[in-house]
Amino acid sequence: MNDQTFSLQPFPSPKSLPNLKIAGNIARNYNQLVIRYMLEGDLKEIALAFAQRLVEKSTVGIALPSNARSRKHELWEDTCFELFVGIKDSARYWEFNLSPAGHWNVYRFDGYRQGMQKETAFTILPFNVQNQADGLALALDVDLDRIVSAEQAIEVAITTVIKHRDGEVTYWALTHRGAEADFHLRDSFIVEL
């Protein structure tokens, strides 16, 4: 098992950045990929427009996971945890989108932003969202056998989009390699598993 911790950094902005921290760990055991994100800080400033319900009797603006979890398009337009998985020495990669409301999607790309299509190998993504006193935890445990073999080395980019109540969006990643926030840049897939 290859277990690594991570801490995401916001894309530089001339505006004041929110008081947030996004960290976690990722591991691959044979072809089982496990990632855990922990979002901490001033969560009441985060807008969750897609949420069906808000946590009651709480100062944080985090949505309770929906009972009707489903595959949804364009989750990145709101707060969304993302994971990009590429096969080493190949242009092909996958984008995993996970909403704190419990919605998800997976897209396959043939190359940098080329040939985007819904990845039909997944009909559900097994992930959990937990509101905690000090933040929000999101954990995904997924079998990659449907898209890559256990012998293939993978390169991963770990990212998050945070939409704030004022409509501003911040982009968080392990590294930002472009002049603009762009999670698809392959040289930002820096975790090797």
Side-chain angles (χ1 to χ4, degrees), residues 6 8-11 20 22-26 28 32-39 43 46-52 62-87 92-131 135-144 146-148 154-164 168-176 178 180-186 188-191 193:
F6 64 83
L8 303 185
Q9 306 304 314
F11 188 80
L20 296 174
I22 306 170
N25 62 301
I26 185 169
R28 184 181 185 194
Q32 198 69 26
L33 183 70
V34 178
I35 185 167
R36 183 176 188 271
Y37 297 83
M38 185 65 194
L39 171 62
L43 302 186
I46 298 173
L48 296 167
F50 56 82
Q52 295 176 356
I62 297 293
L64 289 171
S66 170
N67 290 332
R69 293 176 178 228
S70 63
R71 178 174 228 154
K72 292 200 174 187
H73 187 56
E74 299 179 344
L75 291 172
W76 57 80
E77 291 183 355
D78 287 297
T79 296
C80 179
F81 296 86
E82 299 183 343
L83 176 70
F84 293 77
V85 175
I87 299 170
R92 178 172 277 189
Y93 66 97
W94 291 263
E95 176 183 348
F96 291 75
N97 298 156
L98 307 166
S99 158
H103 305 300
W104 63 276
N105 215 331
V106 181
Y107 301 97
R108 182 178 66 240
F109 294 84
D110 298 326
Y112 173 74
R113 295 186 180 270
Q114 300 291 313
M116 176 181 169
Q117 56 187 305
K118 181 172 69 173
E119 177 54 74
T120 58
F122 296 99
T123 57
I124 191 164
L125 276 185
F127 73 101
N128 295 314
V129 180
Q130 292 182 325
N131 288 300
L136 177 119
L138 186 145
L140 169 68
D141 187 343
V142 63
D143 185 350
L144 295 178
R146 297 173 182 179
I147 57 174
V148 299
I154 59 171
E155 299 168 326
V156 177
I158 303 167
T159 64
T160 301
V161 175
I162 300 289
K163 186 171 184 180
H164 306 272
E168 288 293 317
V169 176
T170 53
Y171 301 93
W172 298 69
L174 293 170
T175 185
H176 296 279
E180 296 181 9
D182 186 350
F183 299 153
H184 293 259
L185 291 173
R186 193 58 187 260
S188 67
F189 291 36
I190 61 173
V191 174
L193 298 171

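Basis for what follows: all heavy atoms, side chains included, without hydrogens, waters or symmetry-related copies.
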What distance separates [X] [atom1] from [Y] [atom2], expressed to the nearest 0.5 Å?
| X | Y | atom1 | atom2 | answer |
| --- | --- | --- | --- | --- |
| Ile154 | Leu193 | CD1 | CG | 5.0 Å |
| Ile22 | Leu138 | CD1 | CG | 11.5 Å |
| His103 | Asp78 | NE2 | CG | 10.5 Å |
| Thr120 | Arg108 | OG1 | CZ | 6.5 Å |

What is the minimum heavy-atom distance between [X] and [Y], and which atoms define it?
| X | Y | answer |
| --- | --- | --- |
| Ser99 | Phe127 | O-CE1, 3.6 Å |
| Gln9 | Leu174 | CG-O, 4.5 Å |
| Glu82 | Val161 | OE2-CG2, 4.1 Å |
| Ala173 | Thr159 | CB-CG2, 3.9 Å |
| Ala137 | Met38 | CB-SD, 3.8 Å |
| Leu20 | Trp172 | O-CH2, 3.6 Å |

Any luck finding a side-chain donor-acceptor pair between His176 and Tyr171 under 3.5 Å?
->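 Side chains of His176 and Tyr171: no pair found under 3.5 Å.
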
Polar contact flag, side-chain donor to acceptor under 3.5 angstrom, Gln130-Asn128 =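 No, no side-chain donor-acceptor pair sits under 3.5 Å.
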
Are the side chains of [X] and [Y] in touch, meaning some heavy atoms are under 4.5 Å apart?
| X | Y | result |
| --- | --- | --- |
| Phe122 | Val142 | yes |
| Ile190 | Phe6 | no |
| Trp104 | Leu140 | no |
| Leu33 | Ile35 | no |
| Phe96 | Val156 | no |
| Leu185 | Tyr112 | yes |
| Ile147 | Val106 | no |
| Tyr93 | Glu155 | no |

More than 12 heavy atoms from other groups under 6.0 Å of CD on Glu180 |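 Incorrect, the count does not exceed 12.
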
Where does the angle between the aromatic ring planes of Phe189 and Phe84 fall among parallel (under 30°), tilted (30 to 60°) and perpendicular (over 60°)?
->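 It falls in the tilted class, 30° to 60°.
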
Could you tell me whether the side chain of Asn105 and the main chain of Lys72 form a donor-acceptor pair under 3.5 Å?
->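 A pair under 3.5 Å: yes.
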
Under 3.5 Å, side chain of Thr79 to main-chain N/O of Lys163, donor-acceptor pair present?
->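 Yes; judged by distance alone, with no hydrogens or angles, the pair exists.
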
Run the salt-bridge test on Glu119 and Arg146 with the 4.0 Å N-O cut-off and return the result as yes or no.
->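 A salt bridge is absent here (no side-chain N lies under 4.0 Å from a carboxylate O).
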
Partners meeting salt bridge (Lys or Arg N to Asp or Glu O under 4.0 Å) with Arg92 (sequence neighbours left out) |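 Testing Arg92 for salt bridge (Lys or Arg N to Asp or Glu O under 4.0 Å), a comparison that skips the adjacent residues, returns Asp110.
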
Check His73, Lys118, Gln117 against Tyr107 for a side-chain hydrogen bond (donor to acceptor under 3.5 Å, both in side chains) and give me the one that passes.
->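 Exactly one pass, corresponding to His73.
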
Where do Glu95 and Trp76 land on the side-chain contact (heavy atoms from CB on, under 4.5 Å) test, with the steps shown first?
-> CA-CA 11 Å; Glu95 176 183 348; Trp76 57 80; 3.9 Å; yes

